[in-house]
Amino acid sequence: MSSQQIPEENLPVEQGTAHGAVEGAGDPFADPGLPAHKPRIQDIDERAANRSERAVALMFTLSMLATVGFIASYVIFPVDKIVYVWPFGHVSALNFSLGLTLGLALFLIGAGAVHWARTLMSDVEVADDRHAIEATPEVKAKVLADFADGARESALGRRKLIRNTMFGALALVPLSGVVLLRDLGPLPEKKLRKTLWAKGKQLVNMNTMEPLRPEDVVVGSLTFAMPEGLEEDAHDFQSQIAKAALMIIRIEPDNIKDKREREWAHEGIVAFSKICTHVGCPISLYEQQTHHVLCPCHQSTFDLSDGARVIFGPAGHALPQLRIGVNSEGNLEALGDFEEPVGPAFWERG
């Protein structure tokens with residue numbers, strides 16, 4: 001439609017200026033202003049405000065109880081316990097309880113904060129003009145004054161019940177994260193310090209699966225042994241053999257330099273852990289003339305004629321020795337467990 005077809009009363013009134021600006025025309029985006037503030041019932045009725053305070057405090061308190069329930073779930077429910085929960089079906093009791101209690105703890109904190117803001121904090125809308133980015137002394141003073149007003153209007157100082165329960169809920173929730181560290185793995189307890197070796201346990205040849213006799217071990221030979229009673233098809237075979245595997249070497253007694261090694265041997269037959277003390281690799285390279293054994297992973301070298309001390313490489317400790325003897329049947333047997341942890345020096349063997 002051309003301007004000639006528009007009714008004259010609908011045409012804009014133009015009053016030209018030197019720069020083409022429109023003068024006298026109304027602002028097409030007039031500020032509608034803010035609606036009149038309507039007070040809430042909590043603003044005019046202290047009993048209603050107290051009810052809201054108790055409701056918020058109840059939610060914070062329930063959050064604390066849910067956090068305690070989260071921690072208690074670790075103690076109450078075993079990992080493999082399965083329960084039926086409608087409508088989810090069969091689920092892990094531990095996972096379900098952890099998710100439920102942690103979800104409630106976080107939800108109740110959020111719900112309490114929202115209810116607090118909607119019913120007890122000031123809901124007066126404040127409009128402010130835009131200002132330059134840099135903060136002038138007047139702006140800083142205004143910000144501090146606004147912060148003080150907000151702190152006062154939040155009633156945090158006056159509503160002590162809300163404040164105390166909120167602090168309690170916020171203080172307990174992080175404990176859930178601490179408890180989650182328990183899922184990093186089973187507690188080591190004494191498992192890394194003990195093996196299956198004990199007094200009277202016979203040494204079994206890992207190749208023939210027969211008990212070892214002194215005459216089976218000749219000078220210069222290397223034999224691998226494991227404790228009597230350990231079966232290869234056992235569910236914990238790998239974890240047990242990783243600690244209990246032995247190297248059996250026979251050295252002429254006069255060539256053994258270490259006094260304790262000679263005392264713990266039987267007719268020159270010595271038993272040392274097969275597990276390297278660097279990162280736990282199995283040692284299997286033996287040099288007859290020098291009585292040195294070499295770890296194939298990082299070339300740590302141990303002198304089996306001198307207490308299996310480290311003579312080269314990154315290993316930090318000598319190989320533990322197992323004290324052995326002969327039983328009434330003429331078979332080699334252990335006279336106890338290793339006196340120190342085998343394998344890598346965890347926690348510096350503290």
Side-chain angles (χ1 to χ4, degrees), residues 184-214 216-218 221-251 261 264-266 269-287 291-304 307-310 313-327 329 331-347 349:
L184 292 178
L187 296 177
E189 300 173 346
K190 298 292 186 180
K191 297 175 183 176
L192 297 179
R193 301 181 182 275
K194 302 295 181 181
T195 72
L196 289 181
W197 291 110
K199 183 176 177 58
K201 283 269 187 177
Q202 295 188 123
L203 278 63
V204 176
N205 190 315
M206 293 187 64
N207 293 322
T208 64
M209 303 304 293
E210 296 292 333
L212 275 170
R213 303 177 66 85
D216 297 333
V217 185
V218 298
S221 66
L222 173 65
T223 306
F224 299 124
M226 67 180 187
E228 173 190 15
L230 181 60
E231 302 293 338
E232 291 188 356
D233 57 354
H235 73 281
D236 61 343
F237 174 78
Q238 296 298 335
S239 60
Q240 294 297 341
I241 198 63
K243 297 184 294 181
L246 283 182
M247 293 186 297
I248 309 299
I249 306 98
R250 191 162 199 162
I251 306 174
E261 178 182 351
W264 285 19
H266 174 75
I269 301 175
V270 294
F272 287 100
S273 171
K274 184 184 177 182
I275 310 304
C276 180
T277 56
H278 178 219
V279 292
C281 296
I283 300 173
S284 58
L285 304 177
Y286 175 58
E287 190 177 52
H291 308 298
H292 294 169
V293 288
L294 176 71
C295 175
C297 292
H298 303 97
Q299 288 71 57
S300 292
T301 306
F302 305 86
D303 186 355
L304 298 188
R309 65 180 181 88
V310 182
H317 299 275
L319 296 174
Q321 183 180 1
L322 185 70
R323 189 171 186 175
I324 60 174
V326 174
N327 61 17
E329 299 176 359
N331 298 326
L332 292 172
E333 67 173 2
L335 299 182
D337 197 359
F338 292 104
E339 290 196 350
E340 56 184 324
V342 302
F346 68 97
W347 305 325
R349 299 188 179 183

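Computed from heavy atoms alone, side chains included, the values below leave out hydrogens, waters and symmetry copies.
Counting heavy atoms from C-beta outward, Phe302 and Cys276 have side chains that approach closer than 4.5 Å. Taking the side chain as every heavy atom from C-beta outward, Leu332 and Val326 approach each other to under 4.5 Å.
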Check: Step by step, would you call Gln321 with Phe338 a side chain to side chain contact (heavy atoms under 4.5 Å, CB included)?
Finding: CA-CA 7 Å; Gln321 183 180 1; Phe338 292 104; 5.9 Å; no
Next item on the list: I would like to know whether Leu246 and Lys274 meet side chain to side chain contact (heavy atoms under 4.5 Å, CB included); could you show each step before the answer?
Entry: CA-CA 5 Å; Leu246 283 182; Lys274 184 184 177 182; 5.9 Å; no
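When the options Leu294, Leu222, Leu319 are evaluated for a side-chain contact (heavy atoms from CB on, under 4.5 Å) with Ile283, the one that passes is Leu319. The side-chain contact (heavy atoms from CB on, under 4.5 Å) test with Thr277 singles out one residue from Pro341, Pro314, Ser300, Pro320, and that residue is Pro320.
A donor-acceptor contact closer than 3.5 angstrom is absent between the side chains of Tyr286 and His292.
For the pair Gly313 and Val310, the tightest heavy-atom approach, listed with the atom from each and the gap, is O-CG1, 4.3 Å. Shortest non-hydrogen contact noted between Phe237 and Glu231 is CD1-O, 3.1 Å. The shortest non-hydrogen separation linking Ala265 to Val270 is CB-CG1, 3.4 Å. Contact between Ile324 and Ala271 at its shortest, heavy atoms only, is CG2-CB, 3.9 Å.
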Donor-acceptor pairs under 3.5 Å, side chain of residues 194-213 to any protein atom, not counting sequence neighbours: which ones?
unit_1: Thr195; atom_1: OG1; unit_2: Trp197; atom_2: N; d: 3.2
unit_1: Thr195; atom_1: OG1; unit_2: Asp337; atom_2: OD1; d: 2.5
unit_1: Trp197; atom_1: NE1; unit_2: Ala244; atom_2: O; d: 2.8
unit_1: Lys201; atom_1: NZ; unit_2: Glu228; atom_2: O; d: 3.2
unit_1: Gln202; atom_1: OE1; unit_2: Asn327; atom_2: ND2; d: 2.8
unit_1: Gln202; atom_1: OE1; unit_2: Asn331; atom_2: ND2; d: 2.8
unit_1: Gln202; atom_1: NE2; unit_2: Glu228; atom_2: OE2; d: 3.4
unit_1: Asn205; atom_1: OD1; unit_2: Asn207; atom_2: N; d: 2.8
unit_1: Asn205; atom_1: OD1; unit_2: Thr208; atom_2: N; d: 3.4
unit_1: Thr208; atom_1: OG1; unit_2: Glu210; atom_2: N; d: 3.4
unit_1: Arg213; atom_1: NE; unit_2: Glu215; atom_2: OE2; d: 2.8
unit_1: Arg213; atom_1: NH1; unit_2: Glu329; atom_2: O; d: 2.9
unit_1: Arg213; atom_1: NH1; unit_2: Asn331; atom_2: OD1; d: 3.1

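Atom NZ of Lys243 sits about 11.5 Å away from atom OG of Ser273, to the nearest 0.5 Å. For the atom pair CG of Leu285 and OG1 of Thr301, the computed distance is 9.5 Å after rounding to the nearest 0.5 Å. Atoms CD and CE, from Glu232 and Met226 in turn, are 5.5 Å apart once rounded to the nearest 0.5 Å.
As summarised for Cys295 and Cys281, their two SG atoms remain at a distance no smaller than 2.5 angstrom, missing the threshold.
Using modelled atom types, one side-chain atom of Arg250 and one backbone atom of Val217 make a donor-acceptor pair closer than 3.5 Å.
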